[in-house]
Amino acid sequence: MVIMMESKYDPKLVEKKWQKFWADNQIYKFNTESEKPVFSIDTPPPTVSGGMHLGHALSYTHADFIARFWRMMGYNVFYPFGFDDNGLATERLVEKKINMNSSDMTREEFIKLCLEKTKEAEKELKRQFTLIGLSVDWSINYRTISDYCRKISQLSFLRLYKMGRVYQKETPFMWCPKCHTAIAQAELEDVEQATFFNDIIFETEDGEKLVISTTRPELLPACVAVFVHPEDERYKDYVGKKVIVPLFGHKVSILKDERVDPEKGTGIVMCCTFGDQTDMEWYQAHNLPLRIAITETGKMTKISGKYEGLKIEEARKKILEDLKNKKLLVKQTPITHSVNVHERCGTPIEFLVTKQWFIKYLDLKKELIKRAKEINWYPKHMKARYDHWINGLQWDWCISRQRYFGVPFPLWYCKKCGSVILADEEQLPVDPLRDRPNRKCKCGSDEFIPEKDVLDTWATSSLTPQITLKWGSDFFNKNFPMSLRPQAHDIITLWAFNTIVKSILHENKIPWKNIMISGHALDTYGKKMSKSKGNVIKPEDVINKYSVDCLRFWASQSKLGEDLPFMEKDLVTGQKFSIKLWNAARFILSHIKGKRTEKPEKIRPIDSWILTKLNKQIKKITKMFKNYNYSGACHETVQFFWHDVCDNYLEMIKDRVYNKENYEEWEIQSAYFTLYKLLLTILKMMAPFMPHITEEIYHNYFSERENKKSIHISRWPSIDETLSNLEAEEAGNLAVDIISSVRKYKTKNNISMNAPLNKIIINCKKTEEDVLKLVVKDIKTTAKANSIEFGPASKITTENFGMTLNIE
RNA sequence: GGGUCGGUGGUCUAGUGGUUAUGACGCUGCCCUUACAAGGCAGAGAUCGCAAGUUCAAUUCUUGCCCGACCCACCA
């Protein structure tokens with residue numbers, strides 16, 4: 001059945017219709033029976049922590065362009081979709097939803113609520129992600145908190161443990177006092193903060209005064225030493241002496257160390273356990289005592305005496321006040337410096353001594369950089385970010401979190417001897433808080449203490465290839481490494497890096513053959529979108545105002561890896577393109593419907609011209625897609641369609657389709673064939689970008705002709721070299737130049753394009769004349785000239801490309 | 001401080017070792033031409049960040065500098 005094309009395109013109706021059609025007909029379902037080559041995509045599972053934002057729309061659409069291209073190239077596309085629904089971000093969302101804190105209830109109650117609420121949130125997220133027309137196979141779905149994913153994640157832990165890659169250690173480590181958990185290096189963020197450099201008087205045992213500058217006076221109770229630079233003449237005599245810590249009265253030694261910057265402050269620095277990383281280095285290097293001033297919840301400890309129980313900020317204020325009163329605070333210099341904060345909550349991190357689980361990988365730095373070369377990085381330079389990150393790594397991967405909603409560690413501790421009892425692989429997934437080990441401890445005891453910590457969420461999401469391909473299955477073995485990891489650049493150091501780590505450790509292989517890195521969506525002024533700035537744009541609003549295809553068209557405008565500002569004008573351009581495509585299709589289809597469109601024996605030169613160009617475009621665009629250059633592919637398709645096809649070719653064939661009596665049968669055939677080929681090819685090349693409108697037009701005619709249920713499972717256009725004709729191409733190019741001169745002439749003289757001309761005399765080289773003769777009739781009819789002659793022009797009307805024209 | 005990317009008409013951008021540097025938005029003029037007025041056609045508008053170098057030739061390659069964005073480090 002062929003549907004009539006409405007004169008106006010209505011995306012609201014059409015887009016809904018096809019989205020339902022694709023779902024009902026399982027157009028994007030992965031075919032497990034198929035012999036076709038597989039193209040597998042390691043789709044990012046969005047964190048369940050809020051709604052979908054424009055950045056999601058951007059990068060997920062990019063992946064979809066690629067998926068659709070390879071599907072049309074004849075690949076069996078494995079395109080799963082999961083949700084990352086555990087960890088801090090998800091806990092936060094749930095707390096917000098129920099307007100309660102996790103500490104207001106028992107752990108079990110909280111986890112139960114999390115499971116319920118994430119399910120709701122995921123339903124909504126799925127709706128939003130479906131809206132943008134992704135060609136994912138929704139039947140391959142996963143949740144990182146599901147039993148299945150827990151099992152994979154715990155299995156990974158057990159195997160790494162048995163490989164000796166996992167260790168537990170009590171050590172000063174990065175801690176978020178707000179979230180009450182250890183965090184990893186990759187979860188840090190820098191924030192510029194205004195503070196004071198406080199000059200505080202310390203007295204030596206013999207009453208001499210030394211001034212020390214600090215931004216963190218609340219750490220005075222944790223002061224364990226004072227350092228000066230070994231070369232610093234000012235303080236040489238003090239080294240080895242003791243100073244009394246003001247307000248707190250304990251005595252600490254004055255020591256020397258190269259790491260002191262004599263230029264900074266007074267050149268004397270106090271070392272506290274622990275203010276920052278250097279403190280930790282000094283603590284180890286000089287074998288200093290441990291004085292802990294801050295608790296896990298960010299409050300002052302007992303050693304801070306009367307300040308005990310105060311929050312860090314409060315203590316700082318109070319201590320400064322007291323110092324001032326005692327005339328020990330000599331100066332306060334306002335400064336701004338950057339502070340490491342936890343990216344999730346913005347709280348400055350502390351270094352606390354806690355017992356944590358780690359995956360050992362610092363020894364693999366070189367290997368990780370080397371092996372990642374086996375992956376094709378698109379764009380190439382993103383590999384540098386990965387390398388740079390690894391070079392700067394200073395800690396092994398801390399995988400334990402003191403949180404609740406996450407994958408539990410599959411282990412217990414023996415109550416009697418303290419040894420670690422691992423779960424059996426067959427037992428997974430386990431929850432040590434609920435389950436028991438399968439056997440007694442070696443010491444004979446059968447009393448166990450469960451590990452209460454949960455795994456870092458990245459420890460699970462770094463296993464997405466193992467999760468989606470089913471670790472250990474034939475399918476996994478056949479399809480690992482996956483074809484493509486698409487993701488945005490912000491999580492190269494997290495998701496991409498961690499996945500590579502796990503893949504190298506478990507499989508000794510890279511996880512994917514290709515990685516494609518997208519940029520971020522920015523606001524109109526090129527600034528990051530954030531709730532606090534109030535510049536967040538929701539994809540759904542854009543879709544409601546324009547259309548899904550327009551949103552996707554906007555996304556196609558960003559060069560791979562580059563951030564893209566949200567520009568309303570790009571949406572308008574997409575809309576205009578839709579209208580143009582719709583109208584061109586209406587025009588073409590109104591002429592070729594019901595006509596023969598097979599390749600005729602002879603092709604008119606002007607048709608050969610556009611067909612030659614078409615071949616070149618197919619070649620170029622296909623190559624661009626293979627290189628993940630979707631923006632170039634879209635750009636080229638649009639340019640070709642708009643300017644070559646619409647502006648020129650369609651105008652040139654109007655006479656043939658409207659005044660058939662002036663042409664021979666084969667000439668008309670040649671036009672029909674060319675129009676068919678042009679429209680079909682352009683639809684297909686635009687299909688990855690604008691899947692809805694192209695599907696609508698395809699179903700208006702081509703679907704039946706090609707016997708395909710959907711354009712998205714039709715074959716990608718191929719090149720037919722027998723249609724290329726270089727001489728005709730040259731002739732067509734000259735014709736376009738001449739017609740453009742004629743248009744300029746008509747515009748200059750304020751006459752309508754349709755107005756007839758008496759005569760055009762073309763004065764050109766003989767060689768050009770021979771070529772032009774191939775298309776002279778097309779020029780004549782397009783320019784509406786009564787006659788065209790070659791020869792010296794008596795009067796030069798217009799000059800162009802070395803040719804002169806006389807237009808009368 | 002280190003790294004990466006970018007700097008092209010008023011704005012946003014494509015692209016290239018070689019005639020006249022792409023397109024979009026905006027602006028101006030013309031045209032209701034049987035696909036398209038949310039359109040078509042045409043026009044104005046760019047010393048391609050600055051300086052030096054390589055080259056017969058540089059907006060394109062190299063180096064330095066300036067500016068911006070992002071990442072990382074430092075952060076007493």
Side-chain angles (χ1 to χ4, degrees), chain A residues 5 7-9 185-186 188-190 192-193 195 197-200 212-216 219 226-227 259-261 264-272 275-279 335-340 348 379 381-394 489-490 492-493 519-520 522 524 526-528 557-559 561-565 567-570 572-591 631-632 635-636 638-639 642-643 646-647 650-651 654 657-658 740 742-755 784 800-802:
Chain A
M5 282 183 84
S7 64
K8 285 240 158 68
Y9 174 66
Q185 194 178 346
L188 299 179
E189 213 174 63
D190 288 2
E192 282 281 308
Q193 229 175 38
T195 184
F197 218 16
N198 304 289
D199 290 0
I200 297 167
I212 295 180
S213 305
T214 178
T215 55
R216 300 205 57 188
L219 287 179
V226 158
F227 282 95
R259 279 164 278 206
V260 178
D261 178 0
K264 215 161 196 174
T266 55
I268 316 177
V269 52
M270 67 172 189
C271 170
C272 311
D276 64 20
Q277 215 166 303
T278 328
D279 287 344
I335 55 157
T336 53
H337 67 162
S338 53
V339 187
N340 270 333
H381 69 254
M382 289 296 177
K383 167 77 164 46
R385 279 204 198 189
Y386 168 91
D387 293 351
H388 192 237
W389 166 254
I390 293 179
N391 284 327
L393 259 187
Q394 305 189 46
H489 57 56
D490 55 338
I492 291 176
T493 58
H520 283 153
L522 305 174
T524 312
K527 296 269 172 261
K528 248 188 189 168
Q557 302 303 297
S558 86
K559 274 212 296 184
E562 285 184 22
D563 293 346
L564 182 66
M567 294 274 179
E568 194 108 14
K569 73 179 181 72
D570 290 336
V572 174
T573 308
Q575 201 170 30
K576 285 187 175 180
F577 179 83
S578 303
I579 293 168
K580 188 85 181 168
L581 182 62
W582 184 254
N583 284 313
R586 274 205 311 143
F587 171 71
I588 294 173
L589 292 180
S590 74
H591 290 290
S631 61
H635 185 252
E636 284 296 327
V638 170
Q639 293 305 312
W642 208 298
H643 301 294
C646 293
D647 289 355
L650 292 186
E651 294 302 322
K654 277 184 177 167
V657 297
Y658 284 126
S740 135
V742 172
R743 281 180 181 151
K744 275 179 203 165
Y745 170 81
K746 287 186 174 176
T747 299
K748 218 173 249 170
N749 290 283
N750 292 357
I751 42 178
S752 133
M753 290 300 144
N754 224 10
K784 313 270 187 229
N800 207 354
F801 41 89

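Letters A, B, ... mirror the listed sequences (proteins, then strands); counts begin at 1.
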Could you check which of [options] has an atom nearest any side-chain atom of [X]?
X: A/Thr747; options: B/rA24, B/rC70, B/rA42; value: B/rA42
X: A/His635; options: B/rA14, B/rA38, B/rC74; value: B/rA14
X: A/Ser752; options: B/rC31, B/rC70, B/rA42; value: B/rC31
X: A/Met753; options: B/rG39, B/rC41, B/rA38; value: B/rC41

Starting at [atom1] of [X] and ending at [atom2] of [N], how long is that distance when rounded to a whole Å?
X: A/Phe587; N: B/rU34; atom1: CZ; atom2: P; result: 11 Å
X: A/Tyr745; N: B/rU33; atom1: OH; atom2: C1'; result: 17 Å
X: A/Gln575; N: B/rC25; atom1: CD; atom2: P; result: 12 Å
X: A/Glu651; N: B/rU33; atom1: CD; atom2: C1'; result: 8 Å
X: A/Trp582; N: B/rA38; atom1: CH2; atom2: C1'; result: 16 Å

Can you measure from NE2 (A/His489) to CG (A/Asp563) and round to the nearest 0.5 angstrom?
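Spacing of NE2 (A/His489) from CG (A/Asp563) equals 4.0 Å.
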Please round to the nearest 0.5 Å and tell me the distance separating atom CG of A/Asn340 and atom CD of A/Gln193.
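Here the interatomic distance stands at 11.0 Å.
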Protein-proximity profile, nucleotides 2-13 of chain B, B/S/- by nucleotide at the 4.0 Å heavy-atom cutoff, equals BSSS------B-
Let me know, please, whether A/Trp389 or A/Asp647 comes out on the 5' side of the other along RNA chain B by nearest nucleotide.
A/Asp647
Whichever of A/Cys646 and A/Val260 has the more 5' nearest nucleotide on RNA chain B, that residue is A/Cys646
Touch class at under 4.0 angstrom, heavy-atom based, for [X] against every strand present:
X: A/Gln394; result: sugar-phosphate
X: A/Lys576; result: sugar-phosphate
X: A/Trp642; result: sugar-phosphate
X: A/Ser590; result: nothing
X: A/Asp190; result: base

Does [N] have a Watson-Crick or wobble mate here (both distances under 3.5 Å), and if so which one?
N: B/rU47; result: none
N: B/rA14; result: none
N: B/rG68; result: B/rC5

Does the structure place the NZ or CZ of A/Lys654 under 6.0 Å from the centre of the six-membered ring of A/Phe587, at an angle of no more than 45° from the ring's axis?
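Geometry flag: set, cation within 6.0 Å and 45°.
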Please enumerate all residues that pass ring pair (Phe, Tyr, Trp, His ring centres under 6.0 Å) together with A/His635, with sequence neighbours excluded.
none
